[in-house]
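The structure appears below as structure tokens.
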Amino acid sequence: MAKKVIIISTSPRKNSNSNALAENFAKGAADAGNDVELISLIGKKIDFCKGCFACQKIGHCIIKDDAIEIEQKVLHADVVVWATPIYYYEMSGQMKVMIDRLNPLFSKDYQFRDVYLLACAAEDEEYVPQKAIEGVKGWVDCFEKAEFKDYVFCGGVNDAGDIAGNEKLQAAYNMGYSLR
């Protein structure tokens, strides 16, 4: 049975390395017969969460911006995939803001069960993505029906396009293709 897969690419840079991972994951997931949508945050207006918790009382955020549409897509997805560059050993600020704006999902009957992370950084040591991984796991821990499944990290890529030909592109494709 086909799964609804939402991939949120959070890099502020066009043709980013993390978006290349997202595109390969998307291709793999689509080739496996899934319904896939890749959402880039480039050009989206997503304001900071105000911490008012109105969403927990009224069922939706009071801020009217592009986060509302993304939240609805995540709500109805089976699989959520985050793609981010690693900045200062952590997920991008854009990703963290989007995660915070998904707070309305907490009190809803969300559909997603599986969550993945795709990340890139200039540094290539094994520890580089760990704080971003823990950040995503922290988000997932708030959703008892969801599980952090896996991640792909590609280090040693800095400038846009540096990832071309990297074996991690195939790893992202394979991970997407495994969603059967």
Side-chain angles (χ1 to χ4, degrees), residues 1-44 46 70 73-74 76-99 102 111-141 143 146-180:
M1 186 168 127
K3 295 180 180 179
K4 174 73 176 157
V5 181
I6 296 296
I7 305 166
I8 303 171
S9 180
T10 67
S11 177
R13 182 167 64 175
K14 290 185 182 200
N15 303 315
S16 72
N17 296 305
S18 59
N19 194 67
L21 286 178
E23 289 171 347
N24 277 269
F25 188 105
K27 182 167 177 15
D31 287 352
N34 296 294
D35 177 14
V36 181
E37 183 175 0
L38 174 56
I39 301 167
S40 172
L41 297 187
I42 293 174
K44 301 275 193 261
I46 301 172
I70 296 168
K73 291 178 182 205
V74 172
H76 299 291
D78 299 303
V79 177
V80 177
V81 182
W82 293 98
T84 185
I86 300 293
Y87 296 149
Y88 298 103
Y89 304 100
E90 183 55 276
M91 68 180 75
S92 69
Q94 294 83 347
M95 180 171 158
K96 178 61 172 120
V97 170
M98 189 65 237
I99 282 177
L102 293 177
Q111 188 172 320
F112 62 93
R113 299 296 181 264
D114 299 336
V115 179
Y116 294 83
L117 175 66
L118 308 169
C120 290
E123 300 83 8
D124 62 359
E125 292 82 12
E126 189 174 315
Y127 65 85
V128 171
Q130 293 308 308
K131 289 180 184 175
I133 292 165
E134 291 306 313
V136 174
K137 285 181 176 180
W139 179 69
V140 171
D141 285 348
F143 297 94
E147 177 183 359
F148 181 79
K149 298 298 274 187
D150 207 353
Y151 71 95
V152 171
F153 170 66
C154 183
V157 294
N158 188 44
D159 295 330
D162 278 355
I163 199 169
N166 192 294
E167 65 188 21
K168 298 297 183 164
L169 292 170
Q170 185 64 45
Y173 175 91
N174 293 345
M175 188 179 291
Y177 192 78
S178 74
L179 303 179
R180 302 205 238 168

Measuring from atom OG of S9 to atom CG of L41, what distance do you get when rounded to the nearest 0.5 angstrom? 7.0 Å

Sequence neighbours left out, what passes side chain to side chain donor-acceptor pair (under 3.5 Å) with Q111? Give chain and number order. D78

Under 3.5 Å, which donor-acceptor pairs link side chains of residues 116-135 to any protein atom two or more places apart or in another chain?
none

Could you work out, with side chain to side chain donor-acceptor pair (under 3.5 Å) as the rule, every residue matching S92, not counting sequence neighbours? T10, T84

Can you check whether I99 reaches M91 side chain to side chain, under 4.5 Å on heavy atoms? yes

Side chains of S11 and N19: any donor to acceptor distance under 3.5 Å? no

When you compare the side chain of I8 with that of K73, does any pair of heavy atoms fall below 4.5 Å? no

Roughly how far apart are L169 CG and F25 CZ, rounded to 0.5 Å? 13.5 Å

Looking only at heavy atoms, which two atoms of G176 and N34 are closest? And how far apart? O-ND2, 4.5 Å

What's the separation between atom CE in M175 and atom CG in N24, rounded to the nearest 0.5 Å? 12.0 Å

Which atom pairs, donor and acceptor, lie under 3.5 Å between side-chain atoms of residues 147-166 and protein residues at least two apart or in another chain?
| unit_1 | atom_1 | unit_2 | atom_2 | d |
| --- | --- | --- | --- | --- |
| D162 | OD2 | N158 | N | 2.9 |
| D162 | OD2 | D159 | N | 2.8 |
| N166 | OD1 | K168 | N | 2.8 |

Scanning both residues in full, the closest heavy-atom pair of P85 with P12 reads CG-CD, 4.5 Å

Quick check: do I46 and Q94 have side-chain heavy atoms less than 4.5 Å from each other? no

I'd like to check the side-chain contact (heavy atoms from CB on, under 4.5 Å) partners of A30; sequence neighbours left out, ordered by chain and number. V36

Partners of F143 by ring pair (Phe, Tyr, Trp, His ring centres under 6.0 Å), sequence neighbours excluded? Y110, F112, W139

Quick test of your reading: applying salt bridge (Lys or Arg N to Asp or Glu O under 4.0 Å), list the pairs with at least one residue in residues 19-35, sequence neighbours left out, ordered by first then second residue. K4-D35, K27-D31

